[in-house]
Amino acid sequence: MKNLLIKALLTVLLCAFTQASFAKDWSLYDSYVKLHYQDGKVVTEGGAVESKAQVLFMFLTLSQNDKVSFDKLYAFTKAKLQKEQALVISKVENDNVTDNSINTLTNLFLAYDLICASELFNDSKYLTEAKAILASVKAQCTSTNALFGKVLTPYAKSASSELLTLNSSTYAPFVLQKIATVDEDFKELYFDSIKAVIKASGLGFVPDQLKFNQSGDFIIDKNTKAYLEAMNFYLWLSISSKSDPNRRLLLPTFENLISQTQKDLKTPLKVDFYTQEIFKQNALISITSLLNICDYKVKDYLRSQIKAHKFSKAENYEHLAALFATGIDELRFAFTSDGSLLIGN
């Protein structure tokens, strides 16, 4: 009798968890749609369509199991942004290309979206197109260094230089873990890139740009800062699965951010590696990066800051970051150790 009661209680709790965790109503998501989404396009305040915002929102439509919106977003991306050997460029405005640079993170995220869509919607065409993107990323968005090996560069066809320059935000653990299940070459690319990130975090923070000379020495100059790219790196790291081995490897890079926030509930926004100054401000980009990594006292405070914020059309990426952070915090979606996407029924 006791076992039956326990089983019944667990069933009730599981049902309650599922309903609470994956409730369809999500006002933060709805407000983003109202501000930025226009029938297959994510539009900036100035009217442009940026591929990075496009592919990040594509992921969020997957988290809502919204195939109609996902397909519309992908159709526009293919028609207007996908230009060279399956890779997408950065920006168009009124159907005119205004930035033809090829951002590696954007293309990796697009491939990740398509891999997840192939599983969620049981359609192999998405996987075929993801593989084409990954083949082009390997061909155009990598560089070989004597110390680190072959790493993912921030952009395609980067200009040759004596310095190896990487962007920390390129390395989203859940994205690269999942991609590696489709294309094993990315296991080595990801691991070699992580080695560079760890080497550059000697001050206890990960910088936006990681610059190394030919000997593999990390170069610090007056422009070396941990700022927006670093906060994106920390956001991706914080929402990846706790059982992801690469997350555990990179977690020590979070310690200074956490300890600084715990002192006075002010989150570090920028760290100057040259002067070793820390600038603290409760900006959304740093709040969202820390939400899923801090203890409960700090977490509750960060939650209240996000909840109280009124997003404007100018805050496209801040809004997206808040959706990723709160989506994990509120159990609306989650990642497995290999980067697979889990959503509610």
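Being a predicted model, the structure only gives us computed values, none of them experimental. Each residue takes its place number in the sequence, starting with 1.
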Practice task
Indicate whether the side chain of E318 and that of H309 have a donor and an acceptor atom separated by less than 3.5 Å.
Solution key: no
Practice task
Would you check if Y171 and L237 make a side-chain contact, meaning some heavy-atom pair closer than 4.5 Å?
Solution key: no
Problem - Check: S124 main-chain N/O paired with T128 side-chain donor or acceptor under 3.5 Å - result: yes
Practice task
Please tell me if the side chains of L341 and F333 come closer than 4.5 Å, counting only heavy atoms from C-beta onward.
Solution key: yes
Exercise for the section: Apply ring pair (Phe, Tyr, Trp, His ring centres under 6.0 Å) to Y234 and F254, showing your working. Expected result: CA-CA 7 Å; Y234 284 120; F254 246 123; 4.6 Å; yes
Practice task
Grab the two heavy atoms, one from N107 and one from A86, that are nearest each other, plus how far apart they are.
Solution key: OD1-O, 4.3 Å
Exercise for the section: Give a yes or no on this: more than 12 heavy atoms of other residues, nucleotides or ligands lie within 6.0 Å of atom CZ of F279. Expected result: yes
Handout entry: Within-4.5 Å side-chain heavy-atom neighbours: D185 and Y190
Key = no
Exercise for the section: Report, as yes or no, whether the 6.0 Å neighbourhood of atom CD on Q262 holds more than 12 heavy atoms from other residues, nucleotides or ligands. Expected result: yes
Problem - Q209 side, atom CD; E229 side, atom CD - distance, nearest 0.5 Å - result: 8.0 Å
Fill in the blank from the handout: Closest non-hydrogen contact found for T261 with V298 is CG2-CG1, 3.8 Å
Problem - Y32 side chain near L320 side chain, heavy-atom distance below 4.5 Å - result: yes
Handout entry: Shared hydrophobic cluster for L265 and M231 (ILVMFWY, side-chain gaps under 4.5 Å)
Key = yes
Problem - Step-by-step ring pair (Phe, Tyr, Trp, His ring centres under 6.0 Å) determination, F148 to F212 - result: CA-CA 10 Å; F148 303 119; F212 301 93; 4.7 Å; yes
Handout entry: Heavy atoms from other residues, nucleotides or ligands near CD of E277 exceed 12 (cutoff 6.0 Å)
Key = yes
Exercise for the section: Run the salt-bridge test on K78 and E129 with the 4.0 Å N-O cut-off and return the result as yes or no. Expected result: yes
Practice task
Please assess N65 against F121 for the test side chain to side chain contact (heavy atoms under 4.5 Å, CB included), listing each intermediate value before the final yes or no.
Solution key: CA-CA 9 Å; N65 201 12; F121 305 137; 3.6 Å; yes
Handout entry: Closest heavy-atom pair and its distance - S312, H36
Key = O-NE2, 4.2 Å
Exercise for the section: Please step through ring pair (Phe, Tyr, Trp, His ring centres under 6.0 Å) for the pair F57 and Y37, ending with a clear verdict. Expected result: CA-CA 9 Å; F57 188 61; Y37 181 67; 5.7 Å; yes
Practice task
Verify the distance criterion only: is there a donor paired with an acceptor across the side chains of D221 and T224 at less than 3.5 Å?
Solution key: yes
Handout entry: N/O donor-acceptor pair under 3.5 Å between N246 side chain and P173 backbone
Key = no
Exercise for the section: Check the surroundings of atom NZ in K307: do more than 12 heavy atoms from other residues, nucleotides or ligands lie under 6.0 Å from it? Expected result: no
Problem - Close side-chain approach of I102 to Y155, heavy-atom, < 4.5 Å - result: no
Problem - Pair Q177-D244, side-chain donor/acceptor within less than 3.5 Å - result: yes
Practice task
Specify the closest pair of heavy atoms between K178 and E119, including all atoms of both residues, with the distance to one decimal.
Solution key: NZ-OE2, 2.8 Å
Problem - Carboxylate-amine/guanidinium proximity below 4.0 Å for D264 and K280 - result: yes
Completion exercise
Between L210 and F218 the two heavy atoms that sit nearest each other are CA-CE1, 4.1 Å
Practice task
Would you tell me whether T61 and S69 have side-chain atoms, one donor and one acceptor, within less than 3.5 Å of each other?
Solution key: no
Practice task
Indicate yes or no: does D217 engage K199 in a salt bridge with an N to O separation below 4.0 Å.
Solution key: no
Fill in the blank from the handout: Rounded to the nearest 0.5 Å, the OG1 atom of T106 sits from the CD atom of Q54 at a distance of 10.5 Å
Practice task
Taking the side chain as every heavy atom from C-beta outward, state whether L105 and N167 have any atom pair closer than 4.5 Å.
Solution key: no
Exercise for the section: Run the salt-bridge test on R332 and E330 with the 4.0 Å N-O cut-off and return the result as yes or no. Expected result: yes
Problem - Flag side-chain contact, heavy atom, 4.5 Å: F186 against L189 - result: yes
Exercise for the section: State whether the number of non-hydrogen atoms from other residues, nucleotides or ligands found under 6.0 Å of K83 atom NZ is greater than 12. Expected result: yes
Exercise for the section: Please round to the nearest 0.5 Å and tell me the distance separating atom OG of S143 and atom CG of D192. Expected result: 11.5 Å
Handout entry: Carboxylate-amine/guanidinium proximity below 4.0 Å for E45 and K313
Key = no
Exercise for the section: Take E50 and V42 through the side chain to side chain contact (heavy atoms under 4.5 Å, CB included) test and state the conclusion after the steps. Expected result: CA-CA 7 Å; E50 297 179 358; V42 174; over 6 Å; no
Problem - Step-by-step salt bridge (Lys or Arg N to Asp or Glu O under 4.0 Å) determination, D71 to K67 - result: CA-CA 6 Å; D71 284 341; K67 187 177 188 300; 2.6 Å; yes
Problem - Any donor-acceptor N/O pair, T104 side chain to P154 backbone, under 3.5 Å - result: yes
Practice task
Look at the side chain of N292 and the backbone N and O of A325, then say whether any donor-acceptor pair between them is shorter than 3.5 Å.
Solution key: yes
Handout entry: Exceeds 12 heavy-atom contacts within 6.0 angstrom, atom OH of Y227
Key = no
Practice task
Check the surroundings of atom CZ in F191: do more than 12 heavy atoms from other residues, nucleotides or ligands lie under 6.0 Å from it?
Solution key: no
Problem - Residue that, paired with W236, satisfies ring pair (Phe, Tyr, Trp, His ring centres under 6.0 Å) out of F335, F59, F324 - result: F324
Handout entry: N-O pairing of K138 and D183 below 4.0 Å
Key = yes
Exercise for the section: Go through the steps for T142 and T153 under the test side chain to side chain contact (heavy atoms under 4.5 Å, CB included), then give the verdict. Expected result: CA-CA 5 Å; T142 58; T153 55; 5.6 Å; no
Problem - K299 bridged to D295 by N-O distance under 4.0 Å - result: no
Problem - Donor-acceptor under 3.5 Å (Q281 side chain, L269 main chain) - result: no
Exercise for the section: Would you give the length of the straight line joining atom CG of L290 to atom OH of Y301, rounded to the nearest 0.5 angstrom? Expected result: 12.0 Å
Problem - Heavy-atom donor-acceptor pair, T77 side chain to L81 backbone, under 3.5 Å - result: no
Problem - Short side-chain donor-acceptor distance under 3.5 Å, S201 and T253 - result: no
Handout entry: Note, V137 side chain near L152 side chain (heavy atom, < 4.5 Å)
Key = yes
Exercise for the section: Look at D208 together with K225 and state whether they make a salt bridge at an N to O cut-off of under 4.0 Å. Expected result: no
Exercise for the section: Taking all non-hydrogen atoms of both residues into account, name the closest pair between F233 and S168 and its distance. Expected result: CD1-O, 3.3 Å
Completion exercise
Rounding to 0.5 Å, atoms CD1 (I89) and OG (S101) come to a distance of 8.5 Å
Exercise for the section: List the steps and the verdict of side chain to side chain contact (heavy atoms under 4.5 Å, CB included) for I287 and I306. Expected result: CA-CA 8 Å; I287 287 172; I306 296 172; 3.7 Å; yes
Problem - Between NZ on residue K80 and NZ on residue K41, distance to nearest 0.5 Å - result: 9.0 Å
Problem - Polar contact flag, side-chain donor to acceptor under 3.5 angstrom, S31-H319 - result: yes
